[in-house]
There are 2 protein chains.
Amino acid sequence: MPTKKKPQVTPSPERRRELLATAAEVFAAQGYNATTVRKIADAAGMLAGSLYYHFDSKESMIDEILSTFLTELWDGYDAVLAAGLGPRETIEALVTESFREIDRHRAAVAIYQKESRHLATQPRFQYLADSQQKFEKAWLGTLERGVADKTFRADLDIRLTYRFVRDTVWVAASWYRPGGQHSPEEIARQYLSMVLDGIALDT
Amino acid sequence: MPTKKKPQVTPSPERRRELLATAAEVFAAQGYNATTVRKIADAAGMLAGSLYYHFDSKESMIDEILSTFLTELWDGYDAVLAAGLGPRETIEALVTESFREIDRHRAAVAIYQKESRHLATQPRFQYLADSQQKFEKAWLGTLERGVADKTFRADLDIRLTYRFVRDTVWVAASWYRPGGQHSPEEIARQYLSMVLDGIALDT
DNA sequence: ATCCTTCCCTAACAAGTGTTTGGTAGGTTA
DNA sequence: TAACCTACCAAACACTTGTTAGGGAAGGAT
């Protein structure tokens, strides 16, 4: 006899995705800890206990939300990094890709922003710390390449620059609304224009 | 007979400030909702109930933390805005002042960043919404003045620029550590250099 | 007609939550 | 010495939290 056996239930993956989407909206709006499973159930039109037919814990919901987001994010990033572009073009592509991800996974990005630092300490969410490190390597490396080949200025602290750029991109998730005035590509264009060339008029 | 009378206790203001400082650290590290009054009490070396000798609720703690921070912030901002500087100098002064505030109130700024959007909906925290509006008026107005007198570029969406600048300044509270390599003024200088002149080398 | 699967409900649980009440040790004042 | 004040503790409260167990309705397959 096997030591343990999960009850033989097979929830449909589509329903899971629906529920995860509404859960992500509530998490993003209220914060993970302030969100009770009853609020999620309310938003989904069911009772709290019924959620446990689809998921085995509240934690596994945010886990699945964040991990699927990061998986898709790195699909895009890896493609950009493998393209062999120059430093400036790489930065442009990464920023554009980032705003596209915000467009597609607004809620997940907002959750990531608020909770990742806190969650990354738990072993279950080790992949958050891993991802953050990979992230830093990709961006910092590109900036360094750019300084080396004189695409970027050499007089700025590159670590500070990295943090500023990174933060500015991702905080956008807190105010961005899909279907608004600006497309992700337009936002990326404006943002890149500011960071690369500055907002001051040359005198 | 008056309808209600608070019990006649007079906690010392200095002790209050001490406790608020430790509470702010815990709030900033764990998030407001994830922080229990027992954790705060632990960090302060006392029991949960004892906190209620000094404060009448957990909510009033974060209230006092945020409101005193905002009061001091606006002292600095108002002084800058009243100085009658040009657009570029005003932006520089506001950014520098902001990083000084982050240096002084790191925990409060981190809390403000994470919880203000959520809290501002409650009547008790109306002043958060008020402050945010005043904030927008000050920054956006300065940027508009700069566009009008050709200090800043006219081809950028000014609202987007405002959001980028605002967010990047305040998110710094999440990674800034007082006593680190860079002084607030140095961070402000580098940040301004990036935003005003861009990171690309002129070709 | 019977069985099985999917999906949700009802009802409860144990642990943890913010908060209150009454008490008390130690210092200051009368 | 007595009265008082400050600052805390001990113990409980009412409530909310995530989670579980058992049941049942609907529909397709046999």
Side-chain angles (χ1 to χ4, degrees), chain A residues 3-27 29-66 111 115 118-119 122 124-125, chain B residues 3-27 29-66 111 115 118-119 122 124-125:
Chain A
T3 49
K4 265 193 184 178
K5 201 160 199 173
K6 288 262 170 168
Q8 176 56 25
V9 289
T10 39
S12 93
E14 301 135 43
R15 186 62 175 135
R16 278 177 70 93
R17 271 192 292 274
E18 279 180 36
L19 292 173
L20 278 180
T22 71
E25 291 300 328
V26 187
F27 283 149
Q30 324 234 1
Y32 174 70
N33 281 285
T35 299
T36 72
V37 293
R38 276 164 249 265
K39 282 185 194 167
I40 302 176
D42 274 4
M46 52 200 271
L47 292 186
S50 309
L51 286 172
Y52 288 81
Y53 171 71
H54 300 275
F55 309 97
D56 37 270
S57 71
K58 177 188 173 188
E59 201 181 62
S60 79
M61 296 189 209
I62 198 179
D63 191 347
E64 196 164 333
I65 290 170
L66 291 178
I111 298 169
E115 319 284 351
H118 171 242
L119 289 175
Q122 299 175 236
R124 171 170 195 168
F125 295 93
Chain B
T3 50
K4 266 191 183 179
K5 202 159 199 173
K6 289 266 170 168
Q8 176 58 24
V9 287
T10 39
S12 94
E14 302 135 44
R15 186 60 174 137
R16 278 178 69 94
R17 271 193 291 275
E18 278 181 36
L19 292 173
L20 278 179
T22 71
E25 291 300 328
V26 186
F27 283 149
Q30 324 233 2
Y32 175 69
N33 280 286
T35 300
T36 72
V37 293
R38 275 163 248 267
K39 282 186 195 166
I40 301 176
D42 274 4
M46 52 200 272
L47 292 186
S50 308
L51 286 172
Y52 288 80
Y53 171 73
H54 300 276
F55 310 98
D56 37 89
S57 70
K58 178 187 172 188
E59 204 181 60
S60 79
M61 294 188 209
I62 197 178
D63 191 348
E64 194 162 335
I65 291 170
L66 291 178
I111 298 169
E115 319 284 352
H118 171 242
L119 289 175
Q122 299 174 236
R124 170 169 196 169
F125 295 93

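First the proteins, then the strands, lettered A, B, ... as listed; each starts at 1.
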salt_bridge(B:Glu18, B:Arg15) N-O dist < 4.0 Å: yes

d([atom1], [X]; [atom2], [N]) in whole Å:
{"X": "A:Arg16", "N": "C:dC8", "atom1": "CZ", "atom2": "P", "answer": "13 Å"}
{"X": "A:Arg38", "N": "C:dA11", "atom1": "CZ", "atom2": "P", "answer": "14 Å"}
{"X": "B:Phe55", "N": "D:dT6", "atom1": "CZ", "atom2": "P", "answer": "16 Å"}
{"X": "B:His54", "N": "D:dT6", "atom1": "NE2", "atom2": "P", "answer": "11 Å"}
{"X": "B:Met61", "N": "C:dT19", "atom1": "CE", "atom2": "C1'", "answer": "11 Å"}
{"X": "A:Tyr32", "N": "D:dT17", "atom1": "OH", "atom2": "P", "answer": "14 Å"}
{"X": "B:Arg17", "N": "D:dA7", "atom1": "CZ", "atom2": "P", "answer": "13 Å"}
{"X": "A:Lys58", "N": "D:dT16", "atom1": "NZ", "atom2": "P", "answer": "16 Å"}

Sugar-phosphate, base or nothing in reach of A:Ser60, heavy atoms under 4.0 Å: nothing

Could you grab the distance from atom [atom1] of [X] to atom [atom2] of [Y], nearest 0.5 Å is fine?
{"X": "A:Met61", "Y": "A:Asp56", "atom1": "CE", "atom2": "CG", "result": "9.0 Å"}
{"X": "A:Ser60", "Y": "A:Leu20", "atom1": "OG", "atom2": "CG", "result": "8.0 Å"}
{"X": "A:Glu25", "Y": "A:Thr35", "atom1": "CD", "atom2": "OG1", "result": "11.5 Å"}
{"X": "A:Leu19", "Y": "A:Met46", "atom1": "CG", "atom2": "CE", "result": "5.5 Å"}

Results of ring pair (Phe, Tyr, Trp, His ring centres under 6.0 Å) for A:Phe125 - residues two or more places apart only: none

DNA chain D-proximal residues of residues 44-52 of chain A, any heavy atom under 4.0 Å: A:Gly49, A:Tyr52

Residue A:Tyr53, side-chain heavy atoms: nucleotide from C:dT6, D:dT19, D:dA7 that is nearest: C:dT6

Closest to the B:Arg15 side chain, choosing from D:dT19, D:dC8, C:dC7: D:dC8

Contact under 4.0 Å: A:Ser12 side-chain N or O vs C:dC7 OP1/OP2: yes

Heavy-atom side-chain proximity of B:Tyr32 to B:Glu59 below 4.5 angstrom: yes

